[in-house]
Amino acid sequence: MPELPEVEIVRTGLESYLKDQVVKKITSFRPNLRYPLPHFSGLTGQRLLTIRRRSKYLLFEFSGKSGESNLLVWHLGMTGQFHVLPHDAQAAAHEHVRFDFCSGLSLRYRDARRFGYAGLMPLSSWSQHPWYLSLGVEPLEENFSLDSLLGSCKGRKAPIKTVVMDASVVVGVGNIYASESLFLAGIHPKRAAGRISKERLAMLVVSIKQTLLAAIEAGGSSISDFVQVDGKPGYFAHAFNVYGRDGQLCLRCGSIIKRIVQAGRSSFYCSGCQH
DNA sequence: CTGAAGACCTGCCTGC
DNA sequence: TGCAGGCAGGTCTTCA
């Protein structure tokens with residue numbers, strides 16, 4: 001479901017409803033998602049201080065007990081959703097965890113495919129955690145730049161699409177926004193990363209930042225099951241130039257949009273604009 | 001080391 | 001109508 005813009009939309013939505021709320025009870029309805037779920041009982045009585053984001057991880061910081069905050073780290077996988085509802089709202093299909101807050105609000109986690117996962121740790125452990133250590137730069141920060149991308153592409157024969165989706169290079173760029181960014185930069189998804197000029201890589205850096213920011217502005221992309229925490233859809237899908245448009249005409253040059261498979265994922269590109 | 005392919009899961013859409 | 005096959009926003013493991 002979610003790439004960086006969708007996770008960011010979820011983060012701001014959750015924070016607006018749940019910041020400073022105190023946990024009454026957390027219940028999990030199964031022992032695991034992708035990995036075993038942590039034991040949530042220690043969070044009872046703690047206050048939710050902030051919700052941050054790193055890559056596609058949501059980071060819930062709770063007040064803790066003995067001075068140090070607890071960090072709940074949550075990845076939505078492909079189909080994970082958080083919804084804020086009243087306590088007495090009925091559980092939907094595939095609801096796996098519920099957080100009841102003292103205010104009467106209830107945070108529900110639903111995930112049909114169960115590719116999502118979560119971990120609970122002292123705040124200070126996060127920066128040593130394997131999930132954290134494997135992450136590359138944030139695309140919307142200044143350290144994602146021509147220099148950083150140039151360094152990651154140098155000598156690599158892998159197609160640029162898979163390099164851009166590699167979270168150890170730059171985080172948060174998933175299958176949709178990789179295709180959309182490459183379209184804006186005019187680069188063919190199969191082009192070997194190490195054989196793209198500096199000028200064109202500079203375009204790509206700008207395109208990635210623009211694409212992600214525009215998607216956040218639009219409230220994320222709703223293809224089939226992304227919804228915001230209040231159940232409203234995102235609208236960026238209406239602005240796709242290539243994703244899901246194979247067989248249709250390019251809005252810029254009129255050529256046919258094509259679909260190919262790379263590393264097991266669909267890539268969409270304009271046969272006229274991208275080379 | 002690199003890159004490709006398979007695996008994890010369920011639901012939905014298409015075509016026969 | 002029913003059913004098989006393909007496809008889906010992510011990431012980890014395995015294999016060549």
Side-chain angles (χ1 to χ4, degrees), chain A residues 1-11 29-37 53-58 73-82 92-96 109-119 129-136 139 151-182 189-195 208 211-212 215-216 218-228 233-240 242-247 259-268:
Chain A
M1 168 177 82
E3 302 182 33
L4 184 148
E6 290 73 33
V7 178
E8 185 59 25
I9 298 298
V10 169
R11 186 196 70 75
F29 301 109
R30 51 176 304 123
N32 64 296
L33 296 171
R34 177 172 183 166
Y35 306 124
L37 280 164
R53 179 191 59 72
R54 171 75 171 104
S55 181
K56 297 168 187 164
Y57 293 99
L58 287 164
V73 179
W74 207 293
H75 196 295
L76 299 171
M78 292 272 254
T79 51
Q81 299 181 345
F82 277 115
H94 307 295
E95 186 175 302
H96 305 307
Y109 181 71
R110 309 210 287 245
D111 190 345
R113 291 172 75 180
R114 304 201 302 271
F115 288 169
Y117 50 101
H129 197 284
W131 295 344
Y132 178 91
L133 291 173
S134 66
L135 296 175
S152 301
C153 289
K154 194 171 181 184
R156 290 192 64 177
K157 292 180 183 166
I160 185 65
K161 164 116 178 320
T162 58
V163 171
V164 151
M165 287 181 66
D166 179 347
S168 68
V169 171
V170 57
V171 303
V173 184
N175 204 39
I176 293 177
Y177 300 117
S179 280
E180 292 296 316
S181 301
L182 287 168
K190 275 174 118 171
R191 180 153 294 274
R195 298 187 54 237
I208 288 171
T211 303
L212 296 177
I216 293 170
S221 299
S222 294
I223 295 180
S224 59
D225 55 20
F226 172 71
V227 288
Q228 304 184 41
Y235 293 99
F236 191 74
H238 301 299
F240 288 164
V242 289
Y243 189 87
R245 295 194 65 240
D246 52 314
R259 172 183 175 273
I260 55 173
V261 175
Q262 295 179 276
R265 314 294 300 277
S266 290
S267 299
F268 300 89

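Everything numeric in this text was worked out from a predicted model, so none of it was measured. Letters go in sequence order (proteins before strands), and every chain restarts at 1.
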**Q.** Y132(A) six-ring face occupied by R54(A) cation (under 6.0 Å, within 45°)
**A.** yes
Q) On a whole-Å scale, what distance lies between the P atoms belonging to dC13(B) and dG9(C)? A) 16 Å
Q. For T162(A) and N32(A), take the nucleotide of DNA chain B holding the closest heavy atom to each; which residue's nucleotide lies nearer the 5' end?
A. T162(A)
Q. Under 4.0 Å between a side-chain N/O of K56(A) and OP1 or OP2 of dG9(C), yes or no?
A. no
Q: Rounded to the nearest angstrom, tell me the gap between atom NE2 in H75(A) and atom C1' in dC9(B).
A: 16 Å
Q) For dC9(B), which nucleotide is its Watson-Crick or G-U wobble mate, given both distances must be under 3.5 Å? A) none
Q) Given atom CD of Q81(A) and atom C1' of dG11(B), what is their separation to the nearest angstrom? A) 13 Å
Q: Describe the nucleic acid contact of A263(A) in one word from base, sugar-phosphate, nothing, applying a heavy-atom distance below 4.0 Å.
A: nothing
Q. So what does R259(A) touch, heavy atoms closer than 4.0 Å: a base, only the sugar-phosphate, or nothing?
A. sugar-phosphate
Q) L33(A) has an atom CG; how far is it from atom C1' of dT10(B), in whole Å? A) 13 Å
Q: For nucleotides dG11(B) and dC12(C), find the distance between their P atoms and express it as a whole number of Å.
A: 24 Å
Q | Pi stacking test for F115(A) and dC8(B): under 5.5 Å apart, planes under 30° | A | yes
**Q.** Residues R113(A) and T79(A): side-chain donor-acceptor under 3.5 angstrom
**A.** no
Q: For G174(A), report the nucleic acid contact type (base, sugar-phosphate, nothing); a contact means any heavy atom under 4.0 Å.
A: sugar-phosphate
Q. Within less than 4.0 Å of OP1 or OP2 of dC9(B), is there a side-chain N or O belonging to H94(A)?
A. no
Q) Is the shortest side-chain N/O distance from S221(A) to OP1 or OP2 of dG9(C) below 4.0 Å? A) no
Q: Answer yes or no: does a side-chain N or O of Y243(A) lie under 4.0 Å from OP1 or OP2 of dG9(C)?
A: yes
(Q) Please verify the inter-ring angle class for H75(A) with Y117(A); under 30° counts as parallel, over 60° as perpendicular, anything in between as tilted. (A) parallel
Q. Which nucleotide in the list dG9(C), dT11(C), dA4(B) gets nearest to the side chain of P159(A)?
A. dA4(B)
Q) CD1 of I176(A) versus C1' of dC7(C): gap in Å, rounded? A) 14 Å
Q: Show your working on ring-ring contact (aromatic ring centres under 6.0 Å, His included) between Y109(A) and W74(A) and close with a plain yes or no.
A: CA-CA 10 Å; Y109(A) 181 71; W74(A) 207 293; 4.9 Å; yes
(Q) Tell me the interatomic distance from Y35(A), atom OH, to dC9(B), atom P, rounded to whole angstroms. (A) 12 Å
Q: Could you let me know what dG2(C) is paired to, Watson-Crick or G-U wobble, both distances under 3.5 Å, or none if it's on its own?
A: dC16(B)
Q.
Under 4.0 Å, counting only non-hydrogen atoms across every strand here, what does R156(A) touch: a base, just sugar-phosphate, or nothing?
A. sugar-phosphate
Q) Ignoring hydrogens and angles, are the base of dA8(C) and the side chain of R113(A) linked by a donor-acceptor pair under 3.5 Å? A) yes
Q: Measure the distance from NE2 on H96(A) to P on dT10(B) and round it to the nearest whole Å.
A: 9 Å
Q. Between R110(A) (side chain) and A112(A) (backbone), is there a donor-acceptor pair under 3.5 Å?
A. no
Q. Which atom names give the shortest non-hydrogen contact between D111(A) and R114(A), and what distance separates them?
A. OD1-N, 2.9 Å
**Q.** Sugar-phosphate, base or nothing in reach of Y117(A), heavy atoms under 4.0 Å
**A.** sugar-phosphate
(Q) Please pick, from dG3(B), dC12(C), dG9(C), the nucleotide with the shortest atom-to-atom distance to any side-chain atom of Y57(A). (A) dC12(C)
Q: Using whole Å, report how far CG of L76(A) lies from P of dC8(B).
A: 22 Å
Q) If we ignore angles and hydrogens, is there a donor and acceptor under 3.5 Å between the side chains of T211(A) and E180(A)? A) no
Q.
Counting only side-chain nitrogens and oxygens, does R114(A) get under 4.0 Å of the OP1 or OP2 atom of dT10(B)?
A. yes
(Q) Measure CH2/W74(A) against C1'/dT11(C) and give the value in whole Å, please. (A) 17 Å
